[in-house]
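Reviewing the structure listed below.
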Number of protein chains: 2
Amino acid sequence: MTLLQSLSKNQQIVLDIIKKAKGPLKAYSILFNVQKKGINAPQQIYRALDKLIEMGKIHKIESKNAFVACKSSDCEISKATAFSICESCEVVDEISDAKLSKYLSGFNRKKGMKFKRFNLEFFGICKKCK
Amino acid sequence: MTLLQSLSKNQQIVLDIIKKAKGPLKAYSILFNVQKKGINAPQQIYRALDKLIEMGKIHKIESKNAFVACKSSDCEISKATAFSICESCEVVDEISDAKLSKYLSGFNRKKGMKFKRFNLEFFGICKKCK
DNA sequence: CTTAAATATGTTATATTATAACAAACGTTA
DNA sequence: TAACGTTTGTTATAATATAACATATTTAAG
């Protein structure tokens, strides 16, 4: 019984914009894009972003302070994220690799803690930019 | 012939503070700590931080916008970084694991790009906080 | 139904993080 | 010592993010 969590108005607006985008979007760039829709304040964007992240609909690219839609046809909650980032054209791709994910999910420091979540960012130059 | 790059005055001041710290430091917290030493402006901190990162003396924890000293007795240039981050006490540990590093350095997307660098952040609750 | 609780919204203000731009000093090294 | 690159100092401002509070809407329980 997959009670597919419905989105609020602002959450839907923000998600739509992020989905349509070709690359990662910054919060204020989202804001400028939705002012015609009656959203005027950063708070409104950040609140929607927070919820969308919680729901696993989007991810934050930490090294860029930008947001992308989740590619994995709606992962539940993002415990294991990996991205490839082109340092030239700034294109970001979500990496879905079962082996990688399993390897990292199973990785635990000897004396240390058990991990709940990880985020991995790869950097390089993509094929197009070479 | 290891020409061990010498640090400038500000670079040395900033590095010393980061090394003494128990956890990751934020740029403005560094700034407040060095105002007695005649450093007054964010620019001066950020410039030192940038150079120290280039040299591999420190790393930026992207998810926290904070900086830690490199633990690996001065890694050359940080092409492969991994950290464990406690979500409770916020302690950050650099992970030096040859296998992990090798695994990830060898990871290349099939059709995609060859990676030059990666950064991995694990999150959980550390032993002390459990 | 209808009241209470939780969630979402709108809004103003402000905090935090980071860079731009320019002038002066310092340090190589040729 | 002149020319170049690097570092410094400084003022200003850009970019990213949260606090706090009032109101509205949705959900769930009695």
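Within every chain, numbering begins at 1; the chains are lettered A, B, ... in the order of the sequence lines, protein sequences first and strands thereafter. Just the heavy atoms: all of them, side chains too, but no hydrogens, waters or symmetry mates, feed the values below.
The nearest whole Å value for the distance from the CG atom in A:L7 to the P atom in D:dT25 is 19 Å. When the P atom of D:dT7 is taken as reference, atom CD of B:Q12 falls 13 Å away, rounded to whole Å. Rounded to an integer number of Å, the gap from A:F67 CZ to D:dA15 C1' is 13 Å. Atom P of nucleotide D:dT10 and atom CG of B:N10 are separated by 11 Å, given to the nearest angstrom. Put simply, CG on A:L52 is 13 Å from C1' on C:dA8, counting in whole angstrom units. Spacing between atom CG of A:L49 and atom P of D:dT16 amounts to 12 Å, rounded to whole angstrom units. Distance NZ (B:K26) to C1' (C:dA15): 11 Å, rounded to an integer number of Å. We find that NZ of B:K64 is positioned 13 Å from P of D:dT18, with the value rounded to whole Å.
Nucleotides of DNA chain C nearest to B:N65 and B:R47 differ in position, and the one nearer the 5' end is that of B:N65.
With A:K71 contributing its side chain and A:E94 its backbone, the two residues share a donor-acceptor pair below 3.5 Å.
OP1 and OP2 of D:dT8 both lie 4.0 Å or more from every side-chain N or O belonging to B:K9. OP1 and OP2 of D:dT8 both lie 4.0 Å or more from every side-chain N or O belonging to B:Q44. For C:dA8, the OP1/OP2 oxygens have a side-chain nitrogen or oxygen of A:Q11 closer than 4.0 Å. Residue A:S8 has no polar side-chain atom (N or O) positioned under 4.0 Å from OP1 or OP2 of D:dT25. Checking the phosphate oxygens (OP1, OP2) of C:dA8, a side-chain nitrogen or oxygen of A:K51 falls inside 4.0 Å.
Between the side chain of B:Y28 and the base of C:dA15, no donor-acceptor pair of N or O atoms lies under 3.5 Å. Contact annotation: side chain of A:Q43 to base of D:dA17, donor-acceptor pair absent below 3.5 Å.
Within residues 30-41 of chain B, the residues having any heavy atom closer than 4.0 Å to DNA chain D are, in order of number, B:N40, B:A41.
Atom CE in A:M113 sits 13.0 Å away from atom NZ in B:K128 (nearest 0.5 Å). A distance of 8.5 Å separates CG of B:N10 from CZ of B:R47, quoted to the nearest 0.5 Å. Residue B:L100 holds its CG atom at 6.0 Å from CG of B:L120, rounded to the nearest 0.5 Å.
Taking the six-membered ring where tryptophan is involved, the planes of A:F118 and B:F122 are perpendicular, since the angle between them exceeds 60° and thus also 30°. Relative ring orientation between A:F115 and A:F107 is described as parallel, the plane-to-plane angle staying below 30° on a 0-90° scale split at 30° and 60°.
Salt bridge absent: B:E121 and A:R117 never bring a charged side-chain N and a carboxylate O closer than 4.0 Å.
The closest side-chain heavy-atom distance from B:M55 to B:Q11 is below 4.5 Å.
Closest approach to the B:Y46 side chain among C:dT19, D:dT16, D:dA17 is made by C:dT19 (side chain taken as heavy atoms from C-beta onward).
At a threshold of 4.0 angstrom between heavy atoms, the contacts of A:K60 are confined to the sugar-phosphate backbone, with no base atom among them.
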